[in-house]
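Below: one structure, written as structure tokens.
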Amino acid sequence: MKKKILSAILGAAMVGCLFVGCGEEATDTAESSAESTQAEADDTAGEASAETSTAELLPGGGSNIIYCITPSTSNVYFKTVQDICTSEGESLGYEVKCFSHDDDAAAQSDLFDQAIADGAAFIVCDNAGADASIEAIQRAADAGIPTFLVDREINTTGVAVAQLVADNAQGAAAIAESWVDAMGYEGKYAELLGLESDTNCQVRSENFHSVIDQYEDLEMVAQQSANWDQTEAYEKTEAILQANPDIKGIICGNDTMACGAAAACKDAGREDMLIIGVDGSDDAAALIKEGRMVGTALQQIAYITQLAVQQGDAYLNGTAPEEEKQLVPCIAITSDNVDNLSSFVYTE
């Protein structure tokens with residue numbers, strides 16, 4: 001009973017306070033509270049406005065996702081692009097999504113549309129064609145999503161933010177010098193070309209020949225495309241050996257084809273064949289150590305990919321690359337320095 005009386009007295013006192021001496025204080029408190037709430041709302045709105053303003057100034061699709069799009073990762077070279085992009089991107093706080101276009105421009109176009117729909121921050125791409133890729137990259141640019149090309153160029157500028165490629169001309173010429181020396185500057189040979197729509201295929205072949213064609217006693221008796229593929233290179237080499245049993249050497253547009261050619265030569269009892277490639281893969285390094293390849297031109301693709309991710313991050317933060325087209329030197333790898341090569345990284 002006492003508790004009920006006490007409760008009633010307290011309740012009455014509170015009601016009295018509202019109507020008598022506490023009136024001014026309550027009003028002041030309410031006004032102060034309202035002002036505080038309004039100030040907080042203004043601050044929040046100001047912060048939101050600042051964030052929106054900043055977001056409008058920054059490129060990218062709005063997410064924290066990097067899209068990495070390459071040819072098939074059955075080729076360790078392209079797997080390296082995806083692996084390095086993932087490790088470097090994650091170290092910078094991004095989510096990285098990796099996909100393969102399998103050198104199909106239509107599949108690549110679909111992947112670019114997916115990146116746009118996903119609001120990708122930026123795209124790292126080893127493209128599916130120097131001409132066929134331009135439209136998809138432009139579409140991403142129109143959506144505010146920058147593209148950073150690695151390994152392969154496109155036949156235009158001003159669409160991608162950066163095109164970071166190995167100096168294929170310098171690399172092909174450098175390893176061709178080692179090959180003509182191994183050939184003794186004479187003899188018959190064959191050439192396996194890569195994907196002929198790929199600029200790298202043309203550049204490497206032209207620069208092989210810029211060296212080889214200086215020697216009139218070196219005679220090319222066959223030239224076929226194996227489309228960068230090891231199995232196709234094996235089959236093409238088998239046919240070339242049957243038609244030209246007296247050839248001494250084979251020049252290949254990449255290491256994957258060189259490995260296929262070396263396997264075909266081994267099965268034909270021609271482990272003396274003088275073979276070169278381009279890439280700098282661990283498989284090629286092993287064949288060089290075994291004496292089954294003369295050498296390869298290392299494209300520093302791990303470093304190139306790392307640069308692309310770093311430049312993408314810098315671009316989102318307001319710093320564009322100084323130049324769109326960026327050449328990274330190749331390193332001629334032979335038996336003299338092959339021990340310094342591992343996972344596309346050359347260490348002095």
Side-chain angles (χ1 to χ4, degrees), residues 71 75 77-78 103 126-133 151-155 163 165-183 185-230 232-237 239-241 243-244 247-262 264-265 273-281 284 293-299 301 325 327-334:
N75 183 333
Y77 183 87
F78 302 123
D103 283 310
D126 197 330
N127 73 75
D131 292 311
S133 302
D151 181 46
R152 300 174 178 178
E153 298 174 272
I154 54 173
N155 289 332
Q163 301 189 49
V165 299
D167 191 341
N168 282 280
Q170 167 261 330
I175 199 60
E177 291 279 5
S178 297
W179 181 81
V180 296
D181 185 56
M183 288 282 289
Y185 306 95
E186 63 180 9
K188 296 179 179 179
Y189 70 96
E191 179 177 10
L192 293 179
L193 299 166
L195 185 69
E196 293 185 80
S197 64
D198 183 348
T199 302
N200 285 346
C201 169
Q202 301 158 19
V203 171
R204 292 174 195 177
S205 181
E206 287 170 4
N207 285 276
F208 281 156
H209 287 281
S210 72
V211 174
I212 296 168
D213 293 353
Q214 296 178 50
Y215 304 96
E216 60 183 21
D217 292 331
L218 286 167
E219 179 187 357
M220 183 171 68
V221 295
Q223 184 186 56
Q224 298 186 32
S225 172
N227 295 306
W228 306 128
D229 184 74
Q230 185 163 334
E232 194 169 345
Y234 181 99
E235 294 167 351
K236 294 289 176 69
T237 301
I240 289 170
L241 290 174
N244 304 277
I247 66 170
K248 290 173 57 179
I250 304 175
I251 59 174
C252 304
N254 76 349
D255 285 348
T256 303
M257 295 188 299
C259 290
C265 289
M273 190 68 64
L274 300 169
I275 301 171
I276 55 170
V278 176
D279 282 341
S281 70
M293 276 183 66
V294 171
T296 181
L298 167 65
Q299 298 188 95
I301 192 59
K325 290 209 171 187
L327 286 178
V328 177
C330 291
I331 301 170
I333 303 294
T334 65

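- To the nearest 0.5 angstrom, D126 atom CG is 5.0 Å from R152 atom CZ.
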_Trace of the side chain to side chain donor-acceptor pair (under 3.5 Å) decision for S225 with N227_ = CA-CA 5 Å; S225 172; N227 295 306; 3.1 Å; yes
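- The backbone N or O of Q170 lies less than 3.5 Å from a partner atom in the side chain of D167, making a donor-acceptor pair.
- Taken to the nearest 0.5 Å, the CD1 atom of I333 stands 7.5 Å off from the OG1 atom of T296.
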Report the C-alpha separation of N127 and E153 in whole Å, then their side-chain angles, then the decisive distance to 0.1 Å, and conclude whether the side chain to side chain contact (heavy atoms under 4.5 Å, CB included) test is met.
-> CA-CA 8 Å; N127 73 75; E153 298 174 272; 5.9 Å; no
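- In this structure, L192 and K236 have side chains that are in contact, with non-hydrogen atoms separated by less than 4.5 Å.
- Across every non-hydrogen atom of T237 and C265, the tightest pair is CG2-SG, 4.1 Å.
- Taking both residues in full, the closest heavy atoms of I154 and G129 are given as CG2-O, 4.2 Å, listed atom of the first, atom of the second, then distance.
- The CD atom of E232 sits 12.0 Å away from atom OG1 of T256, with the distance rounded to the nearest 0.5 Å.
- Here the side chain of D255 pairs a donor or acceptor atom with the backbone of V278 at under 3.5 angstrom.
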message = Go through it in stages, so that I can follow the logic: the residues are L193 and Q223, the test is side chain to side chain contact (heavy atoms under 4.5 Å, CB included), and I'd like the CA-CA distance, side-chain angles, deciding distance and then a yes or no.
response = CA-CA 7 Å; L193 299 166; Q223 184 186 56; 3.8 Å; yes
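- By the 4.5 Å heavy-atom criterion applied to side chains, T334 and S178 are counted as neighbours.
- Remark: side-chain polar atoms of E191 are not paired, donor with acceptor, to backbone N or O of I250 under 3.5 angstrom.
- Contact annotation: the side chain of C252 approaches that of I275 to within less than 4.5 Å [non-hydrogen atoms, C-beta and beyond].
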Side chain to side chain contact (heavy atoms under 4.5 Å, CB included), that's the test. Do M273 and L241 meet it? Break it down for me. CA-CA 10 Å; M273 190 68 64; L241 290 174; 3.6 Å; yes
Should M183 and K248 be marked as a side chain to side chain contact (heavy atoms under 4.5 Å, CB included) after you check the CA-CA gap, both sets of side-chain angles, and the distance that decides it?
CA-CA 7 Å; M183 288 282 289; K248 290 173 57 179; 3.7 Å; yes
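- M220 CE to I251 CD1: the interatomic distance, rounded to the nearest 0.5 Å, is 7.0 Å.
- Applying the ring pair (Phe, Tyr, Trp, His ring centres under 6.0 Å) criterion to Y189, with sequence neighbours excluded, gives W179.
- Between the side chain of Q214 and the backbone N or O of S210, at least one donor-acceptor pair lies under 3.5 Å.
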Practice task
Before giving the answer on side chain to side chain donor-acceptor pair (under 3.5 Å), spell out for D151 and Y77 the whole-Å C-alpha distance, their side-chain angles and the decisive distance to 0.1 Å.
Solution key: CA-CA 10 Å; D151 181 46; Y77 183 87; 2.8 Å; yes
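- Proximity of V165 to L327: side-chain heavy atoms (C-beta onward) are separated by under 4.5 Å at one or more points.
- C259 SG to N75 CG: the interatomic distance, rounded to the nearest 0.5 Å, is 9.5 Å.
- Closest approach of A258 to M293, counting heavy atoms only: CB-CE, 3.8 Å.
- In this structure a side-chain-to-backbone donor-acceptor pair under 3.5 Å is present from N168 to A166.
- A donor-acceptor contact shorter than 3.5 Å is absent between the side chain of N244 and the backbone of I247.
- In this structure, S205 OG and N200 CG are separated by 12.0 Å, a value rounded to the nearest 0.5 Å.
- Side-chain atoms of F208 and D213, non-hydrogen and from C-beta on, never get closer than 4.5 Å to each other.
- Inter-residue side-chain proximity for Q299 and I331 is flagged as unmet; no heavy-atom pair is nearer than 4.5 Å.
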